[in-house]
Number of protein chains: 2
Amino acid sequence: MERTREPVSAGTDHISPADPLPFGRRGIDISSLQDIRPAAEALRDMARDLSNFRVAVSANIASKLPVTDAQGNALAQSVFGWPSSKDQWWKKPLLALSSPLIFVCRYESEPFWANARAIHTRAPNPLLSQIDLSHFRESVNAESFIVVPVHLPFGQIGAISYSPIEPGREDLSREFALYADILEYHGRRFINGYSRVTSQRPWIARNCRLSKREVECLRWAALGKTDAEIATILGRSCATVRFHIHNAATKLEAVNRSQTVFKATQLGYLGSVAAISSTPAQPHG
Amino acid sequence: MERTREPVSAGTDHISPADPLPFGRRGIDISSLQDIRPAAEALRDMARDLSNFRVAVSANIASKLPVTDAQGNALAQSVFGWPSSKDQWWKKPLLALSSPLIFVCRYESEPFWANARAIHTRAPNPLLSQIDLSHFRESVNAESFIVVPVHLPFGQIGAISYSPIEPGREDLSREFALYADILEYHGRRFINGYSRVTSQRPWIARNCRLSKREVECLRWAALGKTDAEIATILGRSCATVRFHIHNAATKLEAVNRSQTVFKATQLGYLGSVAAISSTPAQPHG
DNA sequence: TTCCTACCTGCCACTAGTTATAGGTTTTGA
DNA sequence: TCAAAACCTATAACTAGTGGCAGGTAGGAA
């Protein structure tokens with residue numbers, strides 16, 4: 001696994017103690033399925049050496065498929081050391097869709113740490129107050145976690161967590177301060193690589209470019225407005241709104257509005273629609 | 001700007017030469033609008049000291065709004081040193097939506113570098129062969145770039161680029177190998193922080209959890225299938241499909257299918273639908 | 001001059017949304 | 001363990017909304 005490139009003067013060769021990274025000076029590259037297992041082993045060793053952390057990985061929080069090596073072995077048991085009798089927290093039916101940590105990964109793109117009492121992000125995030133931690137202990141299989149959400153292209157969200165192997169460590173604020181950056185770096189590299197070699201890339205229309213008007217109409221559609229409503233908002237006719245949305249659909253090679261909105265969202269055309277000028281704040285219930 | 005936390009033994013204090021990072025051992029924190037300008041200045045200085053790079057930032061590639069400081073001054077001119085007569089490449093009408101580099105940011109989550117001849121990512125990405133570079137020089141305002149895409153929650157995509165200030169440097173492969181990680185780290189921290197303090201957070205239904213069936217039906221809808229088609233695919237009635245989609249909409253507090261798909265995509269429920277078991281590969285045109 | 005973007009009109013078939021109800025199965029929590 | 005909650009499945013009819021198709025004009029940029 002030693003890289004053939006020249007040594008890097010700016011990289012991770014600063015790591016103390018005693019350079020515990022067994023995979024060189026930067027995140028390990030996963031270029032093929034065969035690279036997965038060695039990369040996972042290196043990641044496991046790094047986390048354990050750094051602070052006796054056990055690693056758990058979800059390449060896609062929307063999927064219950066486990067991360068596996070080239071032979072299909074689940075890395076949770078075969079590399080990361082999760083006991084078979086204690087399933088990964090995202091392997092349980094519905095837990096994949098209900099664990100509070102998963103919710104945080106939807107809302108946050110930076111590392112955070114959590115235990116049964118609270119979720120700690122780098123900066124306050126009011127959305128997190130909505131998250132119900134009352135069933136934390138049943139939802140997860142460690143007492144505390146540092147989690148790195150990884151937002152990938154096409155709306156995919158991955159996550160990697162680091163939790164103490166030994167029992168009783170619930171306060172990770174010091175480890176978070178010391179290690180969040182490095183854990184983020186290596187976790188991102190792993191998930192990026194894993195996702196790249198295992199995913200079929202969604203097919204995207206060739207070199208499409210949506211016009212300003214098309215995007216504008218599509219944004220309102222994505223917010224649930226009907227053609228008539230959009231027409232009123234923009235001071236245009238209903239037919240014109242349809243025209244623009246149809247154009248956008250054609251460019252994105254989508255057959256209907258749902259697919260058009262889906263693809264446009266995946267490509268970041270509609271992201272953070274709160275940024276639309278004169279958009280009213282979203283109503284609160 | 002010095003941090004009050006204890007020094008970090010594992011961090012970025014390894015940087016050579018001569019620790020050019022003027023803002024301490026890790027990415028600068030942006031906790032309020034007032035932090036933006038100092039963070040931008042530090043970022044500018046880091047990039048210039050590292051390899052005489054000029055910084056350009058887009059917090060949201062879907063928006064033509066420039067990144068600004070607390071007083072509303074555009075950072076491109078006031079901090080990053082872009083000449084006013086030479087607008088940022090994402091400020092020109094339509095260029096924000098057509099620049100080839102923007103396209104790459106939609107498809108990639110890792111740093112890449114580019115010039116008029118080619119786009120160089122860490123690993124081959126077949127989608128990039130579709131990108132037309134024939135108008136590169138008119139589309140952008142530097143000869144070469146290292147770009148860091150930043151995929152944020154809710155489908156927002158940001159980008160930060162580093163381009164040589166002096167003319168004539170078109171091959172950035174060495175700089176990329178040396179510095180991509182550190183440029184990524186600091187770029188991410190800046191965009192994450194900027195986005196956090198300047199964006200209105202989208203309102204998201206409280207603690208919603210979609211059931212397996214709801215997600216499944218929604219995925220097919222997002223792929224453009226009608227209710228009848230989904231019913232056939234799943235071997236269920238059309239009414240059941242509608243019921244599930246309606247339930248999902250209720251949970252997400254969406255008024256129609258477009259909004260439902262939009263929100264579900266933003267939250268990562270539909271990400272990488274190629275991962276759906278038994279999904280046929282997307283057709284190629 | 002040509003092409004692209006933007007805008008407009010009308011009609012109709014098809015699809016999605018609504019509303020209410022019923023029953024069976026699985027999961028969750030005490 | 002058991003009851004409650006959640007999930008899953010299905011029905012019917014009607015209305016609102018979308019998509020397809022056809023036709024057109026105007027202005028700006030290359």
Side-chain angles (χ1 to χ4, degrees), chain A residues 64 87 91-99 132 134-139 207-218 220-262, chain B residues 92-98 134-135 137-139 207-218 220-262:
Chain A
K64 295 204 297 289
D87 279 344
K91 265 192 70 182
K92 283 193 176 155
L94 280 190
L95 280 182
L97 303 176
S98 64
S99 161
D132 178 13
S134 53
H135 301 294
F136 186 87
R137 292 182 201 275
E138 302 97 73
S139 307
N207 217 11
C208 64
R209 62 191 262 190
L210 301 185
S211 73
K212 190 182 79 167
R213 220 38 154 171
E214 285 156 5
V215 173
E216 196 170 21
C217 291
L218 219 36
W220 286 115
L223 290 177
K225 304 303 179 187
T226 60
D227 291 343
E229 287 166 340
I230 298 167
T232 299
I233 290 165
L234 299 181
R236 293 292 175 257
S237 76
C238 195
T240 300
V241 171
R242 283 204 190 145
F243 175 77
H244 291 308
I245 288 174
H246 184 260
N247 272 356
T250 303
K251 288 175 180 181
L252 292 167
E253 303 192 5
V255 296
N256 62 22
R257 192 162 302 200
S258 296
Q259 195 183 18
T260 308
V261 165
F262 178 57
Chain B
K92 285 193 174 157
L94 281 190
L95 279 182
L97 302 175
S98 63
S134 53
H135 300 294
R137 293 182 198 277
E138 302 97 74
S139 306
N207 220 7
C208 64
R209 64 192 259 193
L210 301 185
S211 74
K212 190 182 79 165
R213 222 29 158 184
E214 287 158 2
V215 173
E216 196 170 22
C217 290
L218 220 36
W220 287 113
L223 290 178
K225 304 302 179 188
T226 61
D227 292 344
E229 287 165 342
I230 298 167
T232 301
I233 290 165
L234 300 182
R236 295 292 174 253
S237 76
C238 196
T240 299
V241 171
R242 284 204 188 145
F243 178 78
H244 290 308
I245 288 174
H246 185 258
N247 271 358
T250 302
K251 289 177 181 179
L252 292 167
E253 303 192 3
V255 297
N256 61 24
R257 193 163 302 201
S258 297
Q259 194 183 17
T260 308
V261 165
F262 178 57

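The chains referred to below are lettered A, B, ... by the order of the sequence lines, with proteins before strands, and numbering in each begins at 1.
Contact check, B:Arg213 against D:dC8: no side-chain N or O comes under 4.0 Å of OP1 or OP2. Considering only side-chain N and O atoms, B:Lys225 lies nowhere under 4.0 angstrom from the phosphate OP1 or OP2 of C:dA16. Applying the 4.0 Å criterion to OP1 and OP2 of D:dC7, one finds that B:His244 has every side-chain N and O outside that range. Neither OP1 nor OP2 of C:dC7 sits under 4.0 Å from any side-chain N or O of A:Ser237. Dashed line: the shortest gap from a side-chain N or O of A:His246 to OP1 or OP2 of D:dG20 is under 4.0 Å. Look at A:Arg236 and you won't find any side-chain N or O under 4.0 angstrom from OP1 or OP2 of C:dA6. Between C:dC14 and B:Thr226, no contact under 4.0 Å exists linking OP1 or OP2 to a side-chain N or O.
Comparing atom distances between the B:Thr240 side chain and each of D:dA10, C:dA16, C:dA6 picks out D:dA10 as nearest. In this structure, the nucleotide among D:dT18, C:dG17, C:dA6 sitting nearest to the side chain of A:Ser211 is C:dA6. Taking only side-chain atoms of B:Phe243, from C-beta outward, the nucleotide of C:dG17, D:dT9, C:dA6 with the closest atom is D:dT9.
In this structure, the side chains of A:Arg213 and A:Arg236 come closer than 4.5 Å at one or more pairs of heavy atoms. Looking at heavy atoms from C-beta onward, A:Leu234 lies in side-chain contact with A:Trp220 at the 4.5 angstrom threshold.
Atom-to-atom, CD of A:Gln259 to P of C:dT15 comes out at 15 Å; the value is rounded to the nearest Å. Atoms CD1 (B:Ile230) and C1' (C:dA16) sit 11 Å apart, rounded to a whole Å. Atom CD1 of A:Ile245 is separated from atom C1' of C:dA6 by 15 Å (rounded to the nearest Å). Straight-line distance from the CG atom of B:Asp227 to the P atom of C:dT18: 12 Å, rounded to whole Å. As a whole-Å value, the separation of B:Glu216 CD from D:dC8 C1' is 12 Å. If you take CG of B:Leu234 and C1' of D:dC7, they are 15 Å apart, rounded to a whole angstrom.
For the pair B:Gln259 (side chain) and B:Val255 (backbone), a donor-acceptor distance under 3.5 Å is present.
Map A:Glu214 and B:Val255 each onto its nearest nucleotide of DNA chain C; the residue landing nearer the 5' end is A:Glu214. Mapping B:Arg242 and B:Ser258 onto DNA chain D by nearest heavy atom places B:Arg242 closer to the 5' end of the strand. Along DNA chain D, the nucleotide closest to B:Asn256 and the one closest to B:Cys238 are compared, and the more 5′ of them pairs with B:Cys238.
Rounded to the nearest 0.5 Å, atoms CG (A:Leu210) and NZ (A:Lys251) are 6.0 Å apart. How far CD1 of B:Ile245 is from OG of A:Ser258: 7.5 Å, rounded to the nearest 0.5 Å.
Looking at heavy-atom distances under 4.0 Å, A:Asn247 makes no contact with the nucleic acid at all.
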